[in-house]
Amino acid sequence: MALPSAAFILSSPSSSSSAATAALASPRLINRRVPSIGSLPLPLSRWWNRSSRNMLPLKQLPRSFFSNREHYWHKCHNFLPTRCCSNSNAAAEGPLLPQNDSSIVHDLLEFLNESWTPFHATADAKRLLVGAGFQSLKEEDEWNVIPGGRYFFTRNMSTIIAFAVGQKYQAGNGFHIVAAHTDSPCPKLKPISAVSKSGFLNVGVQTYGAGLWHTWFDRDLSVAGRVLLKMNNGSLIHKLVKVTRPILRIPTLAIHLDRSVNTDGFKPNFETHLVPVLATQLRCGANSVDSSSTHHSRLLQLLSEQLDCEIEEIADLELNVCDTQPSCIGGAEQEFIFSGRLDNLVSSFCALRALLDTCKDSADLADETSVRMVALFDNEEVGSDSAQGAGSPAMFQAISRISKQLSKGVEYEGLVERSIRRSFLVSADMAHALHPNYADRHEDHHQPKLHEGIVIKHNANQRYATTATTAFLFKEVARARGIPTQNFVVRNDMGCGSTIGPILASGVGIRTVDCGIPQLSMHSVREVCGTGDVDISYNHFKAFYELFSSVDQQLIVDG
């Protein structure tokens, strides 16, 4: 069992080098606090007490140890007692993972646990891109884009667009894009969040998106987001913050005071009942309530401690309420991912990894005639109508600038328009898996199942942008690699959600297919998808980047 919050690893009394071989954590966990013994499963706590005298700080490990972190769990599993590895409480701390070198599930879990907000998701995506050698651009600067180059830029630090230019790209060629979104439904702090009721310090929130808000009650919650710090010289600094320990709770009313809740349903008022508790006035002291304060001083103190700054330096903030329970593997066969924000961080990560792994260096782009792109937008859950949403011109402006840069200064007629008509967009958002307890909510012949392939979404009323031709081309890519696909349409007597697909298809005029990984509990604080579908989606997106240029030549529609 891995210990994600531990700053030390256990070592053999006879050899410090064997400690490295028996490591219990990845490089990300350096300098994090050791868990209290009371928080460990009982068999492991006894073992920990016996062994804790022989400990080695992770920072003293040789760099070579971290060069093959994909196998760290295999080493841990051989080192730890069987009783510890099989303990039923181990999932949230460090789940068993598929022993498959090509699986990205382990890396997805890390991404999910880092990405509490769109800001953190963008920052982690940026870290991965920089580590892979992609060059950072700024939208306000002049660009210098060349064939074989790999680039990215961010907008609002919550949207990120990355692209790699084929070595054989010629002016007017197309863009092959996978687009997803970084945001998820959650409560967000109000501009004035300090609320005091009945001796409690509460935090005022507003609901973001169409969440299943009843699932947020009785959860261990905290805050994360961004803070603007005003420095002594008057400058402002943009910093991300995450308070990892539970500091908030939205308690339900006892059944003794709401006897009809199980028969009439749980029907909270989201303005008066969905108000997290931060602390009691008694414990915070007489000065804890300040009617002129925008946010509770105790909350600001927690943020300042996390940011290592003074409370007075906090000029403004934008915070989400987040569930603190880690993402993990679940199910009797270790086949599920239990996590918040699966919609749509799973699609975002699969798309990003597919781009990274098909553009590792210039050799991967030697025969490519297009531009490979991934676009991860903010604000999809509220309609995408923002400067950083898919409704903005961010992607179109990037296509235009890249096309003109690669034309080498020659003014070609209809250059950008021709590039768009040769382009193809995969709108990747999570899909509705068949629910075993509500099977009647699915149309009889369109029932997506876990582990059976990415779901292609169809809707005659254009709530999804898929057409027969775009579905065919996307399926042809899958057939070439033996990758399964599924189809979905909503029942005629039910409403249908939508995605960024129709927004981009109508706004830019690009051929689009809507698809997604099947999942359960969509928009809950804790969602479910299949581990197998993550790797299927990743491989499908890889095939799209590598094969679409040749597949696209098979079908001519507007001849």
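- No hydrogens or angles considered: nothing links the side chains of His181 and Asp378 as a donor-acceptor pair under 3.5 Å.
- A donor-acceptor contact closer than 3.5 angstrom links the side chains of Gln325 and Arg219.
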TODO: Step by step, work out the side chain to side chain contact (heavy atoms under 4.5 Å, CB included) result for Glu443 and Met494.
DONE: CA-CA 10 Å; Glu443 200 273 338; Met494 295 181 66; over 6 Å; no

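- Residues Tyr208 and Asp183 have side chains that bring a donor and an acceptor to within less than 3.5 angstrom of each other.
- The aromatic ring centroids of Trp143 and Tyr151 lie 6.0 Å or more from each other.
- Using modelled atom types, one finds a donor on one side chain and an acceptor on the other under 3.5 Å when comparing Thr467 with Thr470.
- A donor-acceptor pair under 3.5 Å links the side-chain atoms of Ser506 to the main chain of Pro502, judged by distance alone.
- In summary, Arg372 and Glu368 engage in a salt bridge, as defined by a charged side-chain N under 4.0 Å from a carboxylate O.
- A donor-acceptor contact under 3.5 angstrom links the side chains of Asp514 and Thr499, judged on distance only.
- Side-chain rings of Phe349 and Phe111 approach one another, their centers coming within less than 6.0 Å.
- Residues Gly225 and Thr117 approach most closely at N-CG2, 3.9 Å, considering heavy atoms.
- Between Phe424 and His176, the ring centre distance reaches or exceeds 6.0 Å.
- When every heavy atom of Gly331 is checked against every heavy atom of Phe336, the shortest pair comes out as CA-CD1, 3.6 Å.
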